[in-house]
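Shown next, in structure tokens, is the structure this report addresses.
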Amino acid sequence: MKAIKVIKPFEVEIVEVEKPKIEKSTDVIVKITSGGICGSDMQIYNGTNSLATYPRIIGHEFGGIVVEVGEKVTSVKIGDKVAVDPVVSCGECYACKIGRHNVCSTLEVMGVHRDGGFSEFVKADEKNIHKFHTDFDESLLGLVEPYTIGMQINNRLQTTSKDKILIMGAGPIGIAALQVAKSRDAKVIITDIVKERLNKAKDMGADETVLVTEEDLKERLGKFTDGEGIPVIIDTVCTPSSFEESVQLACPAGRIVVIGLKNQPSNITMADITKKELTIVGSRLNCNCFDQVIEQFEKGKLNPEKLMTKAYNYKDIIEALTMIKEHPQDVLKVVLKFED
Ligand code: MN
């Protein structure tokens, strides 16, 4: 079968690899129909992903149709449309035992730490396979994973309809978090430095948008909250200064979610956190969010087709990567279709 392999930074090839076989009784083999290209795939390609090793079959956003199952598999059958959770955990460590396997002490993500989903067939354990109950558009099956990131963020924040939320950054994660927050009837104000992205965010339900290169965010937040200050912040910009800004902007008793993986420190004092008794939480990957997202896709509460900027055949991976590299501001999600 064919797969997309990054041999080393800036060298990507369609390679011929062995098709996976059922080995364990809980194995499932999926014929991939759709994959989403993520910023972290771009980083693996660019050589800037600190977690990845080479050579690597990339792709952690993928889904398709079940073609083979091990003898003990009961939750899916041949022909089911599914999305595959790329999070692989041990089940034994503290985090796993308390039900937070997405931060397993020996966590591996398919497409990052081990081979991923940009290939014609993928094998995964039954527990990583999540099925659709309707005849969903095959090209969108790979977009469950990016929405699980938005779902996890909102789960960590315990977003409800009472919340007013600032989302910093209207990239794919900001937009996915926005859609999930709106599906819970929260009020959302979202920022970016690119006007087109904000137009897109508006189209996806943002109550207000702020072009931070031209407008005063603090002033807009004042109006948005009747002078109260913003109680909930989702920082998808993920720079040391955006974290500082979140802590400054949050109102007393505010909640902030952090998703960045950069190692540079931010200048935040204990007093900044204590005085306002802020709740600052991390959000990584997803913890059992696949079924939640699939349900919302099927109900039409989340609209993945709006996240998709363009689709390419997987054999045109270089063209797809080049497009993302050259037009980062125009791209939310590029989808690869695995068909001949
Ligand atoms: Mn991703």
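Note that this is a predicted model, so its numbers are computed, not measured.
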Please set out all donor-acceptor pairs under 3.5 angstrom arising from side-chain atoms of residues 333-340, sequence neighbours excluded.
unit_1 : atom_1 : unit_2 : atom_2 : d
Lys333 : NZ     : Ile37  : O      : 3.2
Lys333 : NZ     : Glu61  : OE1    : 3.0
Lys333 : NZ     : Glu61  : OE2    : 3.1

**Request:** For a side chain to side chain donor-acceptor pair (under 3.5 Å) with Asp163, tell me which candidate from Arg184, Lys187, Arg255 qualifies.
**Result:** Arg255
**Request:** For Thr48 and Asn46, test the side chains for any donor-to-acceptor distance below 3.5 angstrom and give the result as yes or no.
**Result:** no
**Request:** Please determine if Glu295 and Lys299 form a salt bridge, counting it only when a charged side-chain N lies under 4.0 Å from a carboxylate O.
**Result:** yes
**Item:** Neighbour count above 12 (heavy atom, 6.0 Å) for Lys24 NZ
**Value:** yes
**Request:** Step through it carefully: locate the ring centre of Phe10, locate the ring centre of Tyr45, and say whether they are under 6.0 Å apart.
**Result:** yes
**Glu126 and Thr26: side chain donor to acceptor below 3.5 Å** = no
**Option from Thr213, Leu211, Val212 for which side-chain contact (heavy atoms from CB on, under 4.5 Å) with Glu215 holds** = Leu211
**Prompt:** What closest approach, in Å, do Asn102 and Arg284 show between heavy atoms, and which atom pair accounts for it?
**Reply:** ND2-O, 2.9 Å
**Asked** Would one find more than 12 heavy atoms of other residues, nucleotides or ligands at under 6.0 Å from atom CD of Glu18?
**Response** no
**Fill in**
Rounded to the nearest 0.5 angstrom, the CD-SG distance for Glu108 and Cys90 is 11.0 Å
**Request:** Among Asp216, Leu166, Asp192, Leu217, find the residue that satisfies the side-chain contact (heavy atoms from CB on, under 4.5 Å) test when tested with Val210.
**Result:** Leu217
Result block: side-chain N/O donor-acceptor pairs under 3.5 angstrom for residues 224-232, not counting sequence neighbours:
unit_1 : atom_1 : unit_2 : atom_2 : d
Thr225 : OG1    : Leu221 : O      : 2.8
Thr225 : OG1    : Glu228 : N      : 3.4
Thr225 : OG1    : Gly229 : N      : 3.0

**Message:** Run the ring pair (Phe, Tyr, Trp, His ring centres under 6.0 Å) test against Phe297 and tell me which residues pass, sequence neighbours left out.
**Reply:** Phe136, Tyr147
**Message:** If you compare all heavy atoms of Thr33 against all heavy atoms of Glu138, which two are closest, and at what distance to 0.1 Å?
**Reply:** OG1-O, 3.0 Å
**Closest non-hydrogen atom pair, Asp235 against Ser246** = CB-OG, 3.8 Å
**Request:** Would you name the heavy atoms of Pro146 and Gly142 that are closest together and state the gap between them?
**Result:** CD-O, 3.7 Å
